[in-house]
Amino acid sequence: MTDLLMPHPAPATPGGSTTTGDCHVEWKKPSAAPVSVNLAAARERLQSRGGATYWRSLEELAETPEFGELLDREFPRFASEWPDGVSRRNFLQLAAASLGLAGLTACTRQPIEKIVPYVRQAEEFLPGKPILFATSMALSGVATGLLIESHNGRPTKVEGNPEHPASLGATDAVTQASVLGLYDPDRSQAISQLGKAATWTTLNQQLTSALTAQSAFGGAGLRLLTGPVTSPTEARLIAALLESYPQARWHRWDPLARDGATKGLTEAFGAPVGMRFDLAKADVVLALESDFLTAGPGSVRYARDFADRRKVGHPEGAAATMNRLYVAESSPTATGTVADHRFRIRPSQLGGIVQALAAAVGVAGVAAPPLDTASAKWVAATARDLAAHRGAALVVAGETLPAAAHTLVAAINEALGASGGTLLYSAPIEADPVDNLTSLVALLDEMKAGKVDLLLVSGVNPVYDAPADLEVAAVFQGSSALRIHHGLHDDETAAYCQWHVPATHYLESWGDARAYDGTVSLVQPLIEPLYGGKTTGEMVGALLGRPTDDAYTLLRETWEGQMGGETFESAFRKLLHDGMVPASALAPSQPAWVGASVSAAVQALAGEPAGGELELALRPDPSVLDGRFANNGWLQELPKPITKLTWENAILLSPRTAEKLGVKGNDVAELTSPDGRKLTGPVWLLPGQADGVATVHLGYGRTRAGKVANGIGFSAYAAQTLASRYGLPSVTLAATGDSAELATTQGHQSIDWMREESEQATERAIVRQATLSEFEQDPHFAHAGAHEGIDVNASFNPGFEYKGYSWGMVIDLNACNGCNACVVACQSENNIPVVGKEQVARGREMHWIRVDRYYQGDVDEPSAIVSQPIVCMQCEQAPCEVVCPVAATVHSTEGLNDMVYNRCVGTRYCANNCPYKVRRFNFLLYQDWETEQFKLQRNPDVTVRSRGVMEKCTYCVQRINRARIPADRDQRQVADGEIQTACQQACPPQAISFGNINDPAAKVVADKKNPRNYSLLEELGTRPRTTYLAMVKNPNPELSA
Amino acid sequence: MSVAESPRLPAPLYDPPVIAPGHSSASVGDKISSVVFGKMPLWFYVAMAISFGGAMMLLTALTKLVFTGIGIWGNNNPVGWGFDIINFVWWIGIGHAGTLISAILLLLRQEWRTSINRFAEAMTLFAVACALLFPLFHTGRPWLAVYWLLPYPNTMAIWPNFRSPLIWDVFAVSTYGSVSLVFWFIGLVPDLATFRDRTKKLWQKKIYGALAMGWRGSARHWHNYESAYLLLAGLSTPLVLSVHSVVSFDFASGQVPGWHATIFPPYFVAGAVFAGFAMVLTLMIPLRKAFGLEDFITMKHMDNMGKVMLVTGLIVGYGYIVEIFTAWYSGNIYEWYMIRNRIFGPYKIIWMSLILCNVLAIQPLWFRKARKSIAALWIISMFVNFGMWFERFVIIPTSLHRDFLPGSWGMYYPTRWDFATFFGTIGLFMALMFLFVRVFPAIAMFEMKGLTPDAKVKEPAHG
Amino acid sequence: MTTATSPTTFGIHGLMAEYSTAQQLLDAAGQAHRAGFRAMDAYTPFPVEALSEVICDHHKSKVPLICLTGGVVGALAGWGLQIWTSAVDYPMNIGGKPYNSWPAFIPVLFECTVLFAAFAAAIGMFMLNGLPQPYHPVFNVARFREKASRDGYFLCIEAQDGKFDRSGTRDFLLQTGAVEVNDVEL
Amino acid sequence: MAQIFPRSANALARASVFVALFLAAAGGYALWTLAHSGYVTREGIILQQPVPFSHDHHVAQIGIDCRYCHTSVERAASAGIPPTQTCMNCHNQIWTNAAVLEPVRASWRDGKPLTWNRVNDLPDFVYFNHSIHVAKGVACTTCHGRIDKMPLMYQGAPLTMKWCLDCHRDPVPNLRPREEVTNVLWQPPADLAARQKEWALANHVQSKVSCSNCHR
């Protein structure tokens, strides 16, 4: 009689049933009408879910002390002493309790708990004390250095590695969410042949016979398909493979690959080069259709360097510090929101803009094409500004620009003297860089021609994410080759291969990879592979006839080869400890310019088709990217920047365009390309979107990704063709007559709502901002006009004094770009449940941080878009506390607004009375109590909340205690920076500072002294401990005039 | 209490008697007892069955709620309170007429109260019972709330937070409930004695006898009785005013624009009386017809209740105007936006219905013609019943859904479970009312007898 | 010079006279009072203030005093509870409000006062009236049982009264205009 | 027909009033006692264990220091339950074939952990940290009772929130010198109260009653 089986996370296919791998599970949507089951049935389902292998592996796991410790109270079960809604029997107990025994006490008899100690215990091991390990995560081959928090052998939290150049201690949202990917119960759990469980040995028998056949004619039928590879080990093994099978071919495919740039730069310099930016040096930056601050290699580091130039304190010197960002983009991105000048532009116009810029900054051989006045003015001003900052200027071209545009941008950067300063060329970080699309097409052609006998597909999913006109599925189907798929999921491509081998998650793997700047980063496992599984290296190893050599051996080989010597042991240990190879960044170089390339590029651009009435832009999704993270509940429920959409993609249109096309928000519409390809999806009105452009995010409409992703959204790859990988210059759109409900956390799906919201935000000075010049005139602009001469904190009450520690936080709105890293970091640190689309649509998302988005100016043409992270303000005079009837939320002596879950009875009065609306209520049983994998992920230092209790941001009180108790033990003060909240630590631009506001030396105190510092809704007299630093924009006078 | 004075007052223009002429102590008692001891018509059992069905629906809804969670309702973030608290306030409001009529009108020596007070008190009790369900079941963990909100020594060494209006509520509403119960029961005792003596069946004699506790109608009894009854009336009067004031504090002492207003207490109390009288009329009119009690519940009562509704209705209307004015005059952007949002925002239809029901619909009551028309009175009372519910909707969700930070704004949509719970309480309420009418004297007999000529005595000469 | 005699002297509880109107009863009670009878009681279906005054010998009721006491106790209890729990036993910093936030304690203080006072008044009334008392000799009179709560007006002079004597008192009662006089068995 | 009720009904009626009052009081008292009883708090209840381990024997008679087995008590939140290894350090020399120790030897042989029943079990929403209590001079026996007098282990204190708060509000009377914390036979000095104040100062002992000290 209870909704025991609240799916975690909830599927978007209501009541539907989905087949995942070899197990078939009925799903019910988490809703007012939950499934009614008894425990036995629950257990049955649980078993039917994972399949035999999964249970075996879990039992094995159960033998290990790590798992034993799990059973210990180390792992918190319930916030309430009652397992809310587990069985009828429990309810009766509970009823009895409230009548009888409970009449006098809150204590109730708990079940006897077990303690399972180690048999042999490691020396350095301290029960309950998390250990940090250095490793790194590769995305499209490019590594970011990480530190992983491990509780009793369970990786629970991802942090950036402060030593690592690509991270400097921060991480982006997908990296934060990657730990959930490790515990994804839908990961494939067994080697399978034609859908039946098989073994590594049998696979290798088949391989050997196939390979012996191949060796006869130099492996002419052997093909390898992987993503981009930067890993020295993988590169070494593949090289070895190609050596022993000279006729074999190595193909690459990655939907996120920056082919345009690779090709364009190859054109410009005659050979592939690596390129990275140094934004610390950049005074003026122009981004063309590029979200370089939150997406793509190095974005975390870029965000940091960029923001450091905008964290201005006092006006003097501010002008010198502050950089200026111009962004021209078709659809608003996080990068666009921090721009000083954001220019809405259609993708088809970019070519012209680039040429005009090139001409304006004096690139030889480029003539300015005719532009409309607005663009012309904008380009002229921007170009002048860029030119004026020669040597400190930079133009960043987005990956969706055509290769020719990249060539021209390279030329522009040359003209601006960027190279060697704001922009560094080097050898490519990728081993044997190729044009992914060409490479994939080549493979498919050969498969069609029947030239392929043995194909290993490792870690890529072309059947789902390749352009539709390649008809990969059909080609695979038609091919006679022995196809082996290796990946985390038994996915769309696996369905078209005879063999599937589960891959290890990076947290289970040994390996290495290069960072955006070439720094070699080590990958070491935090946990035994949950379901066995192989690394790409091991797969190639198997092809090399070394099926038994594990990834560790292969990795050692590489580095023994590199470093050698008898000191190797210690040296290698140090590598693993640091997580990277010191000073392995690729040396900057100045490649020679190929003169002809410019004119070639100009011609190529001339060939680009002109934009029609309505253009289609296909872009990776901000949360799930190309779809590889689609089965990650945290990312699905993450409100996408700007749109605040969750759980699906949509056809994004500007209000004007929608009006012109006669569609409204939430209408289901059909996009038709000239060659008759169709996309059907809900329309979403997005202020800030360029008129005449329909943007659709990739990564949805998965069919074999898992319970989370299957069937939500629609796949935009269906409209993708060889010719139009990033969109179509001309499409038509027509409403189908249906409408859809989309789950958004802000804006409430109506343009009027957004208008009112934004108007009110401005009237209420929620986000305070000024231009640099205004700031120089009045450093205290953030307080101008606001209740002058009134002490908003005046009170009849003496109030409380906070001696000793007194925690406070400052969020710099000038640094925040709304990238969402903090939201996921908070979710994984604080055991925050995923509630599912339907609950989000009802306004019941549980995130402790939300990033509010406001438009400035008219929503039809917003002058700017701002993001404002909202956490619990920890008010000294908290409205929530006074109204709680049971004193479940009260103030600590350190000024924290403590939320005591186990005392909470859930009247929700506190949430009503919170002016910042940061409190979240467990309306239903949102926590998944039964999926073993998710239990492994939870943070044992944070109570897992159950149904019926309120929760909210605690300033990561568990981290405070983790630092304060040892300090107290050693009779010393907690040093500044010793405590970092999860959001603060993850934040790429480091917009958040936290610390003891009684410590004059603390950074947070310095920030609170910053004239830009203001408290939200201060007139309510709540005395928030969290304050904000007002925004200062640095517009180009020429344009703002 | 002697009523010899009444003739000396200037005769009002329109003054029907409070009890039809020709009634004696005996006839009053017999007539009223006959309602209980007589046979009940078929419609009574049908109606009873329907209301009982409603009560069962409530039971189902609450069971579902406890097993599944508040999530089955429409409540969300930012609208933490929806139907649950709307219904709570609505029921409490209705529950005010009883005590007001019994207590305040008693103190004001309004004789016309006597024929309706018993009924109104019963209504109070049942309305309060329905109301009490909501604060308990709207919590996320009612099995804890049921005792954690009470101050009792426990092994956690922790107490409720007496600064919280919800705790004030717990005390106010439970006090109100129990005092009303006592008041009602004491009023019943002499009539139970009458029943004890009237009924022919022994088992009934025993039950009524036990409840009457051996009441003999002795002069010594009446002596203490009258004094106690008067004291209870005196205590209930401030109590009834305090209860809805405290309920209004739930909002008035909050931060939310639309809640944080000083006029709430008086405006809520007036609203409560307004709603209470409306509900009394709604129930009384059919009842008096069904059991032929026109002699005791005369046009005089209808007329007076109409007047009370008009007055309190106007006070409520004034409250609306003051809210708007202060919001504008204060220059507080949040308050002013809140008002604009009520009138022009997504829930404007509710606000319009509110004005229609609570302000416009009662205007006919200015005219005696309307107050003389049973039909008109009943229709108007229904309007008010709805109107007062809308008022609470306007105050609670409409204020919450758009407060300080535009980024946190949301919408509130009730679910079928919200409606099931609401209509369920109405079913429970009606079922209890029917039971009451069936087994207890719906009109205070001994007080009515006091109004008959038999009760008129001359002061004795002392010697 | 009245000497109290035990009820058993006459083997009855007293004599019960019935009158046809409240007025007659009132007059009769007056006469009895003047005649010096004190241990007597009158019974009416509705309160008759004047009658109570005669019977109770113009004594004021004690209920108000009990009620007041209840109120005072309630006030102190409510106030004490709040101050002790919030400021003494477990003081907590709740929204920066002082431990003793007395203005916030007024509502509960008030409710406790009313609650205690009301219960005191009710309980006091029952106690003073000696209720519950389901059995009482007067119920032995059949006429009383059927009319007392309807339209019967009775006066009962009890045997314990010093001036009581079975025949004399009966005559006295008849001569006050009683319709009928009955013995009230013990 | 005579009266409805017999004369005795009066006595009965009055009596019932008092009986009701008495029952209410009794019920309240019963619940109060139950809530504080070992049945609910588990104080003093002995649980079945795979091995009848005697703290009495190991601590009182052999005199092994607490920290020999509970190694992390000074450094971590959890005092640590000794790994089988620790048992075997001695028991591969002495009592090498005692029947009662078979489970231990088995565990050592097959590398399968022993599974004990938790005796001192706080609710999962309570975060107790041994190291800080020890550092402040709160003795093992203060919360665990005289384990040196426990042939079989049982919970030595109620471990209710009230019980915790009693000490958290005024820790001083429960203090010892840090070095005496694990000494089960410690004899308090004559001028205990005075000394405790000094120790409190020395170890920066403060009263800690904020919710987040224990609940997160």
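Every chain is numbered from 1, with letters handed out A, B, ... down the list of sequences.
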Say whether B:Tyr334 and A:Glu763, considering side chains only, have a donor N or O and an acceptor N or O under 3.5 Å apart. no

Where does A:Phe921 contact chain B at under 4.5 Å (heavy atoms): side chain, backbone, both or neither? side chain

Steps toward side chain to side chain contact (heavy atoms under 4.5 Å, CB included) verdict (B:Thr415, A:Arg842): CA-CA 11 Å; B:Thr415 67; A:Arg842 283 164 174 257; 3.8 Å; yes

side-chain contact (heavy atoms from CB on, under 4.5 Å) partner of A:Arg908, chosen from B:Val79, B:Asp84, B:Ile85, B:Asn76: B:Asp84

Using heavy-atom distances under 4.5 Å, tell me whether A:Leu1020 contacts chain B through its side chain, its backbone, both, or neither. both

Between B:Arg141 (side chain only) and A:Gly906 (backbone N and O only), is there a donor and an acceptor less than 3.5 Å apart? no

Mutual orientation of the aromatic rings belonging to A:Trp753 and B:His401 [parallel < 30°, tilted 30-60°, perpendicular > 60°]: perpendicular

Working to the nearest 0.5 Å, report the span between CG of B:Asn77 and CZ of A:Arg844. 10.5 Å

Proximity breakdown for B:Tyr412 and chain A, heavy-atom pairs closer than 4.5 Å: neither

Could you check which of A:Asn912, A:Asn913, A:Asp852 has the highest count of heavy-atom pairs closer than 4.5 Å to chain B? A:Asn912

Does B:Leu149 form a side chain to side chain contact (heavy atoms under 4.5 Å, CB included) with A:Val886? I'd like the steps, not just the answer. CA-CA 6 Å; B:Leu149 274 89; A:Val886 292; 4.2 Å; yes

Pick whichever of A:Gln868, A:Met950, A:Glu757, A:Glu759 has the most heavy-atom pairs under 4.5 Å with chain B. A:Glu757

So which of A:Cys884, A:Pro879, A:Ser758, A:Ala888 has the largest heavy-atom pair count under 4.5 angstrom toward chain B? A:Cys884

Region of A:Arg920 in contact with chain B, defined by heavy-atom distances below 4.5 Å: both

What distance separates B:Ile70 CD1 from A:Arg947 CZ, expressed to the nearest 0.5 Å? 8.5 Å

Strictly below 4.0 Å, N to O, side chains only: are B:Arg402 and A:Glu756 in salt-bridge contact? yes

Does NZ or CZ of A:Arg764 come closer than 6.0 Å to the centre of the six-membered ring of B:Tyr337, within 45° of the ring's axis? yes

Those residues that, when tested against A:Pro1024, pass side-chain contact (heavy atoms from CB on, under 4.5 Å) (two or more places apart): A:Met873, A:Tyr916, A:Ser1015, A:Thr1022

Please state whether the side chain, the backbone, both or neither of A:Cys910 comes within less than 4.5 Å of a heavy atom of chain B. neither

Assess the residue pair A:Lys917 and B:Trp409 against the criterion (side chain to side chain contact (heavy atoms under 4.5 Å, CB included)); give the C-alpha distance rounded to whole Å, side-chain angles, the decisive distance to 0.1 Å, and a yes or no. CA-CA 9 Å; A:Lys917 288 286 173 286; B:Trp409 288 354; over 6 Å; no

Rounded at 0.5 Å granularity, tell me how far CD in A:Gln746 sits from OG in B:Ser408. 8.5 Å

Are the aromatic ring centres of B:Trp73 and A:Phe923 under 6.0 angstrom apart? no

If you round to the nearest 0.5 Å, how far is CD1 of A:Ile766 from CG of B:Leu405? 5.0 Å

Distance check, rounded to the nearest 0.5 Å: B:Thr139 atom OG1 versus A:Tyr909 atom OH? 15.5 Å

Output a table of donor-acceptor pairs, distance under 3.5 Å, between side-chain atoms of residues 247-259 of chain B and any protein atom two or more places apart or on a different chain; print 'none' if there are none.
unit_1: B:Ser248; atom_1: OG; unit_2: B:Ser245; atom_2: O; d: 2.5
unit_1: B:Ser253; atom_1: OG; unit_2: B:Phe249; atom_2: O; d: 2.5
unit_1: B:Trp259; atom_1: NE1; unit_2: B:Ile395; atom_2: O; d: 2.9

Shorter than 4.5 Å, heavy atoms on both sides: which option in B:Arg163, B:Met411, B:His260 has the most such pairs with chain A? B:Met411

